[in-house]
Colleague: 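Sharing a structure, written as structure tokens. Questions coming.
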Amino acid sequence: AIDIVESGGGSVEAGGSLNLSCTVSGFLYDTYCMGWFRQAPGKALIGVARIDSDGEIGYGDRVKGRFTISKDSAKNILYLQMNNLKAEDTAKYSCAATAVRCQHRAVQFDSGRGFGYWGQGTQVTVSS
């Protein structure tokens with residue numbers, strides 16, 4: 001069975017940093033498109049960062065220059081390093097995977113459409 005578990009969330013002050021982890025099992029995640037998404041209360045799910053099976057990386061406009069996605073293939077862990085956090089970054093962050101390439105027509109990173117495997121999420125709260 002495919003299992004995705006996020007960790008590393010918490011509460012920080014604006015300007016602070018957090019490093020989220022996403023531990024995956026049950027599939028060869030190096031062959032999947034992996035992504036981080038977030039959803040604030042009352043708002044739509046949006047794409048934060050993605051990394052394709054070939055290592056190609058993309059970011060949502062609101063986090064470019066502040067967040068960094070990476071993966072440790074030996075440990076099957078996906079990371080999201082978040083620096084210079086802002087109050088607007090407060091949300092539940094989820095890790096997701098899809099068995100096709102990130103650029104596949106069935107995948108829409110901005111909304112999370114096409115990502116079939118999801119973790120339960122981890123809460124990030126940034127106080128101003």
Colleague: With side chains defined as the heavy atoms from C-beta onward, is the minimum distance between Q103 and R50 less than 4.5 Å?
Modeller: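 Contact flag for Q103/R50 side chains = yes.
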Colleague: Check the hydrophobic clustering (I, L, V, M, F, W, Y; side-chain heavy atoms under 4.5 Å; chains of links allowed) and say if I46 and V107 are grouped together.
Modeller: no
Colleague: If you measure from CG on N76 to SG on C22, what distance do you get to the nearest 0.5 Å?
Modeller: 9.5 Å
Colleague: Are any of the side-chain heavy atoms of I51 and K71 separated by less than 4.5 Å?
Modeller: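 Yes - at least one pair of side-chain heavy atoms lies under 4.5 Å apart.
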Colleague: Is the number of heavy atoms from other residues, nucleotides or ligands under 6.0 Å of R113 CZ greater than 12?
Modeller: yes
Colleague: Identify whether V100 and I2 are in the same connected component of the hydrophobic contact network (ILVMFWY, side-chain heavy atoms under 4.5 Å).
Modeller: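 The answer is no; the residues belong to distinct hydrophobic clusters.
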Colleague: Would you say that M82 contacts V63 through its side chain, given a criterion of any heavy-atom pair below 4.5 Å between the two side chains?
Modeller: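 Sidechains of V63 and M82: no contact.
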Colleague: Which pair of heavy atoms, one from A40 and one from A91, lies closest together, and at what distance?
Modeller: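 Scanning both residues completely, I find the closest heavy atoms to be N-CB, 3.8 Å.
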Colleague: Are any non-hydrogen side-chain atoms of V24 and L78 less than 4.5 angstrom apart?
Modeller: no
Colleague: Is there a side-chain contact between E6 and L20 in this structure, where contact means two heavy atoms from C-beta onward sitting under 4.5 Å apart?
Modeller: no
Colleague: Apply the test side-chain contact (heavy atoms from CB on, under 4.5 Å) to residues R101 and C33: give CA-CA distance (whole Å), side-chain angles for both, the deciding distance (0.1 Å), then the verdict.
Modeller: CA-CA 5 Å; R101 296 291 300 273; C33 168; 5.9 Å; no
Colleague: For G121 and S94, which heavy atoms make the closest approach, and how far apart are they?
Modeller: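 Nearest pair, atom of G121 first, then S94: CA-OG, 3.6 Å.
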Colleague: Would you check if W118 and I4 make a side-chain contact, meaning some heavy-atom pair closer than 4.5 Å?
Modeller: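 A side-chain contact under 4.5 Å is absent here.
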Colleague: Quick check: is L80 connected to M34 through a chain of hydrophobic side chains (ILVMFWY, heavy atoms under 4.5 Å apart)?
Modeller: yes
Colleague: Please determine whether residues L45 and F115 belong to a single hydrophobic cluster, defined as Ile, Leu, Val, Met, Phe, Trp and Tyr linked transitively by side-chain heavy-atom distances below 4.5 Å.
Modeller: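 Linked within one cluster.
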Colleague: Hey, would you say the F109 and F37 ring centroids sit under 6.0 Å apart?
Modeller: yes
Colleague: Looking only at non-hydrogen atoms, find the nearest pair between A14 and S128 and report the distance.
Modeller: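 Closest approach of A14 to S128, heavy atoms only: CB-CA, 4.2 Å.
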Colleague: Identify the heavy atoms of S17 and Q81 that sit nearest to each other, and give their distance.
Modeller: CB-NE2, 3.9 Å
Colleague: Has T90 got a side-chain atom pairing as donor or acceptor with V126's backbone, closer than 3.5 angstrom?
Modeller: yes
Colleague: Does Y59 reach the main-chain N or O of I69 with its side chain, forming a donor-acceptor pair under 3.5 Å?
Modeller: yes
Colleague: Testing N83, T122, V124 for side-chain contact (heavy atoms from CB on, under 4.5 Å) with L18, which one passes?
Modeller: V124
Colleague: Roughly how far apart are R38 CZ and K43 NZ, rounded to 0.5 Å?
Modeller: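 It is 9.0 Å, given to the nearest 0.5 Å.
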Colleague: Could you walk me through whether W36 and F67 pass the side-chain contact (heavy atoms from CB on, under 4.5 Å) check?
Modeller: CA-CA 11 Å; W36 283 99; F67 291 11; over 6 Å; no
Colleague: Would you confirm whether K92, through its side chain, and Q120, through its main-chain N or O, come within 3.5 Å as a donor-acceptor pair?
Modeller: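 Between the backbone of Q120 and the side chain of K92 there is a qualifying donor-acceptor contact (under 3.5 Å).
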Colleague: OH of Y79 to CG of D72: how many Å apart, nearest 0.5 Å?
Modeller: 5.0 Å
Colleague: Tell me if a side-chain donor or acceptor on D52 pairs with a main-chain N or O of D54 at a distance below 3.5 Å.
Modeller: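 No, D52 side chain to D54 backbone: no donor-acceptor pair under 3.5 Å.
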